[in-house]
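Only one structure is covered here, and it is reproduced in the block below.
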Amino acid sequence: MNICVFLSAADLDERYTRPAREFAELIGKGGHTLVWGGSEAGLMKVVADGVQEAGGRLVGVSAEFLHTVARENADEMVIAKDLAERKALMLAKSDAVVIMVGGTGTLDEATEILELKKHGLHTKPVVLLNTAGFYDGLKLQFQRMEAEGFLPVPLADLVFFAEDGVAALAYLEAVTSAAAAAGSGVR
């Protein structure tokens with residue numbers, strides 16, 4: 001499975017890097033491919049290192065203005081003209097999406113991916129990986145949006161909230177296996 005991961009390129013402390021590395025190792029050991037922002041910095045580097053060290057493939061999608069921090073030893077690296085093209089390419093190259101901890105860029109990516117899914121423009125499973133309760137507030141906001149009628153589809157159809165990498169990957173593998181067995185595929 002090609003797993004797109006949106007996450008921070010910031011240098012973060014152990015409460016975020018340890019779970020990120022553990023999730024990355026699960027991706028690599030599972031024979032999956034990481035599709036990520038291509039950066040050789042911060043949490044992005046931690047995850048790419050973990051996937052690669054565990055035997056997984058790396059497909060990076062960077063942007064022109066970020067090309068100087070793009071990972072040199074990725075299996076594939078694409079340089080998009082801007083962030084909008086980068087998001088579109090990352091989604092196109094993936095079978096599933098995981099949103100890890102991050103700042104405004106990650107939040108932008110998350111909301112765009114969910115908006116596209118809400119409108120049926122993709123049917124790929126999306127997981128919000130809630131490391132150390134990072135997205136508790138966002139989860140509460142989404143639940144309020146659903147309860148007050150702002151979401152035209154059930155929240156559970158848009159995103160799965162996972163507390164750790166094991167739950168995230170188990171969900172993705174179950175959903176993609178069920179889709180393959182049903183013959184519906186994922187677009």
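Since the model is a prediction, treat every value here as computed from it, not as a measurement. In this chain, residues are counted from 1 in sequence order.
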Handout entry: In one Ile/Leu/Val/Met/Phe/Trp/Tyr side-chain cluster, 4.5 Å: Val159, Phe150
Key = yes
Exercise for the section: Compare all side-chain heavy atoms of Phe23 with those of Leu169 and state whether any distance is below 4.5 angstrom. Expected result: yes
Practice task
For residues Lys93 and Val78, determine if any side-chain heavy atom of one lies less than 4.5 Å from a side-chain heavy atom of the other.
Solution key: yes
Handout entry: Common cluster, Leu129/Leu158, ILVMFWY with side-chain heavy-atom separation under 4.5 Å
Key = yes
Handout entry: Separation between NE2 of His122 and CG of Asp95, rounded to the nearest 0.5 Å
Key = 12.5 Å
Exercise for the section: Over all heavy atoms of both residues, which pair between Ala110 and Ile99 is shortest? Give the atoms and the distance, please. Expected result: CB-CD1, 3.6 Å
Practice task
Flag the pair Asn2 / Val59 as yes when at least one side-chain heavy-atom distance between them is below 4.5 Å, and no otherwise.
Solution key: no
Practice task
Evaluate the side-chain proximity of Glu109 to Val97: yes if any heavy-atom separation is below 4.5 Å, no if none is.
Solution key: no
Practice task
Give the intermediate values and the outcome of side-chain contact (heavy atoms from CB on, under 4.5 Å) for residues Glu53 and Glu25.
Solution key: CA-CA 8 Å; Glu53 289 166 10; Glu25 289 170 0; 5.6 Å; no
Completion exercise
NE2 of His32 to OG of Ser94, rounded to nearest 0.5 Å, is 13.5 Å
Practice task
Would you check if Phe142 and Leu114 make a side-chain contact, meaning some heavy-atom pair closer than 4.5 Å?
Solution key: yes
Problem - Exam field: side chain Tyr135 to backbone Met100, donor-acceptor pair closer than 3.5 Å - result: yes
Fill in the blank from the handout: d(Leu91 CG, Phe6 CZ) to nearest 0.5 Å is 6.5 Å
Practice task
May I ask you to test the Thr106-Val101 pair for a side-chain heavy-atom distance under 4.5 Å?
Solution key: no
Exercise for the section: Would you name the heavy atoms of Asp75 and Gly56 that are closest together and state the gap between them? Expected result: OD2-O, 4.3 Å
Practice task
Could you grab the distance from atom CD1 of Ile113 to atom NZ of Lys117, nearest 0.5 Å is fine?
Solution key: 10.5 Å
Problem - Common cluster, Val5/Val175, ILVMFWY with side-chain heavy-atom separation under 4.5 Å - result: yes
Fill in the blank from the handout: Tightest non-hydrogen contact, residues Ala24 and Val51, listed as O-CG2, 3.4 Å
Practice task
Kindly compute the distance separating OG1 (Thr17) from CD (Glu22), expressed to the nearest 0.5 Å.
Solution key: 9.5 Å
Practice task
Give the C-alpha distance, both sets of side-chain angles, the deciding distance and a yes or no for side-chain contact (heavy atoms from CB on, under 4.5 Å) between Leu138 and Leu107.
Solution key: CA-CA 10 Å; Leu138 185 59; Leu107 187 58; 4.0 Å; yes
Problem - Within one Ile-Leu-Val-Met-Phe-Trp-Tyr cluster: Val127 and Leu116, side-chain cutoff 4.5 Å - result: yes
Fill in the blank from the handout: Met44 and Ser39 have their tightest heavy-atom pair at SD-CB, 3.2 Å
Exercise for the section: Decide yes or no for His67 and Met77: does some side-chain heavy atom of the first lie under 4.5 Å from some side-chain heavy atom of the second? Expected result: no
Handout entry: Glu72 atom CD, neighbour heavy-atom count above 12 within 6.0 Å
Key = no
Exercise for the section: Report yes if the side chains of Arg21 and Asp49 come closer than 4.5 Å at any heavy-atom pair, otherwise no. Expected result: yes
Practice task
Work out which heavy atom in Val46 is nearest to a heavy atom in Ala20; give both atom names and the distance.
Solution key: CG1-CB, 4.4 Å
Problem - Interatomic spacing from CH2 in Trp36 to NZ in Lys45 - rounded to 0.5 Å - result: 10.0 Å
Handout entry: Hphob cluster co-occupancy, Leu172 + Leu155, side-chain heavy atoms under 4.5 angstrom
Key = yes
Practice task
Output yes when a side-chain donor or acceptor of Gln52 lies under 3.5 Å from a complementary backbone atom of Asn73, and no otherwise.
Solution key: yes
Completion exercise
Taking every heavy atom of Tyr171 against every heavy atom of Pro125, the minimum-distance pair comes out as CE2-CB, 4.1 Å
